[in-house]
Amino acid sequence: MSTDKINLAQTSVMLVDDQPASLELLASVVQGFGVKEQVKCTSARAAVEALQRRQVDLILVDCIMPEMDGYDFVRWLRREAPNAVRYTPAILILGHAAKSRVEGGRDAGASFILAKPLTPGVLLKRIQWLGTEERAFVDSDVYIGPDRRVRCYGPPPGQDGRRDGDLTGDLGEPVGGNMDQSEIDMMMKPARVSL
Amino acid sequence: MSRPGGSTAAELLSRAQANLDGQREHALGLLAGDVDRLAALCAARSPGAEAEVYALSSALVDIAGLLSIDPFYEAAYSLCETASHMEAAGTWRWPAVEVHVRALSLILLAPAERSPAAVQLLDGLKAVREHAGRAG
């Protein structure tokens with residue numbers, strides 16, 4: 001394990017989960033990470049209201065909630081939230097749901113989708129990745145969120161992946177026609193996450 | 001994150017785990033309460049209780065998924081899968097739920113232990129789940 005220091009003492013984290021027990025368990029983990037502040041919301045609607053008034057540095061949101069679920073919340077975050085919070089990294093936490101919904105979460109604009117069972121180690125690793133990655137933020141008609149090609153890039157250099165199918169950072173030969181550079185520039189907004 | 005100060009990942013994880021451990025007994029008590037509620041639903045077999053079975057089993061997954069009690073988590077996940085499939089297919093069978101609830105009660109006695117008995121129970125649940133998946 002790395003001996004590098006991690007400092008989250010200036011980081012505000014929003015936790016969104018309609019189940020009070022799992023919200024408190026998650027909060028205890030995040031508190032152990034030494035974050036500055038936790039904003040706990042027991043519904044996605046409450047989180048939406050809070051984000052109209054303030055910013056946070058990271059959002060952890062449960063997928064399955066009544067009324068507005070985690071997918072809809074992330075979609076709102078990316079498309080309708082105030083500009084100051086639209087780019088906030090958001091990790092979707094998946095309890096029981098069809099694995100096909102993982103792709104749904106990615107397409108909604110989540111930074112990562114984490115399936116339970118979840119350990120503090122896996123969560124901290126993903127937060128570290130968010131703090132060091134340089135994924136572009138894509139803003140197009142059909143998708144708004146972090147560059148989804150992370151799946152093809154695999155984990156950051158020097159990091160072990162969690163899945164058997166994680167690929168290396170080496171890209172293969174291009175397929176299909178190239179986009180014009182100006183088209184690409186129109187879609188990409190480089191955004192560095194600050195945690 | 002890279003500002004001066006802070007702690008190593010090992011230190012942060014140790015604190016996070018200690019915090020989790022401090023809530024473990026309370027959380028296990030909540031799981032036991034939910035399993036009891038599931039058992040009561042099985043006993044009553046009330047029409048229209050299917051959604052409540054799924055909601056309770058989903059809550060079990062949510063809590064167990066943070067406690068490193070994998071055998072219990074797997075049994076709860078199996079109940080979620082079984083209940084959601086039976087409800088969607090219109091092939092609800094209470095015995096399939098009862099088997100899961102009995103297994104959950106037994107595994108909860110040592111929820112993190114993958115003992116031969118726990119493995120056998122989980123194998124049995126897999127068969128029930130697959131049977132429910134084929135029906136309808």
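When reading the values below, keep in mind they use all heavy atoms of this one structure, side chains included, and skip hydrogens, waters and symmetry mates. Convention: sequence-line order gives letters A, B, ...; per-chain numbering from 1.
- Taken together through direct or relayed side-chain contacts under 4.5 Å among Ile, Leu, Val, Met, Phe, Trp and Tyr, B:Y54 and B:W94 form parts of separate hydrophobic clusters.
- Between the side chain of A:K116 and the backbone N or O of B:D62, at least one donor-acceptor pair lies under 3.5 Å.
- Shortest non-hydrogen contact noted between B:L20 and A:S28 is CD2-OG, 3.8 Å.
- Across all their heavy atoms, A:F33 and B:L13 have their closest contact at CE2-CD2, 4.0 Å.
- In the hydrophobic clustering of ILVMFWY residues, with side-chain heavy atoms under 4.5 Å counting as a link, A:V16 and A:W76 come out together.
- By the criterion of side-chain heavy atoms lying less than 4.5 angstrom apart, applied directly or through intervening Ile, Leu, Val, Met, Phe, Trp or Tyr residues, A:I91 is grouped together with A:V13 in one hydrophobic cluster.
- Between A:L8 atom CG and B:S7 atom OG the span is 9.0 Å, to the nearest 0.5 Å.
- Residues of residues 18-26 of chain A lying under 4.5 angstrom from chain B, judged on non-hydrogen atoms, are A:Q19, A:A21, A:S22, A:E24, A:L25, A:L26 by number.
- The two residues A:Q31 and B:N19 make their nearest non-hydrogen contact at OE1-ND2, 3.6 Å.
- For B:I69, no part sits under 4.5 Å from any heavy atom of chain A, backbone or side chain.
- Looking only at side-chain heavy atoms (C-beta outward), B:R15 and A:P120 stay at 4.5 Å or farther from each other.
- Within 6.0 Å of CD on B:Q120 lie no more than 12 heavy atoms contributed by other residues, nucleotides or ligands.
- Of all the listed residues (B:I63, B:L66, B:L30, B:V61), the one sharing the greatest number of non-hydrogen pairs under 4.5 Å with chain A is B:L66.
- Applying the 6.0 Å contact sphere to NZ of B:K126 captures no more than 12 heavy atoms from other residues, nucleotides or ligands.
- Remark: A:L118 CG to B:Y73 OH distance equals 9.5 Å, nearest 0.5 Å.
- Scanning all heavy atoms of the two residues, the minimum distance from A:T119 to B:S68 falls at CG2-OG, 4.3 Å.
- In the hydrophobic clustering of this structure, B:V119 does not group with B:L109; members are Ile, Leu, Val, Met, Phe, Trp, Tyr whose side-chain heavy atoms approach within less than 4.5 Å, directly or through other members.
- Only the side chain of B:S84 comes within contact range of chain A, judged by heavy atoms closer than 4.5 Å.
- Clustering ILVMFWY residues whenever any of their side-chain heavy atoms sit less than 4.5 angstrom apart, transitively, puts B:L31 in the very cluster that holds B:L121.
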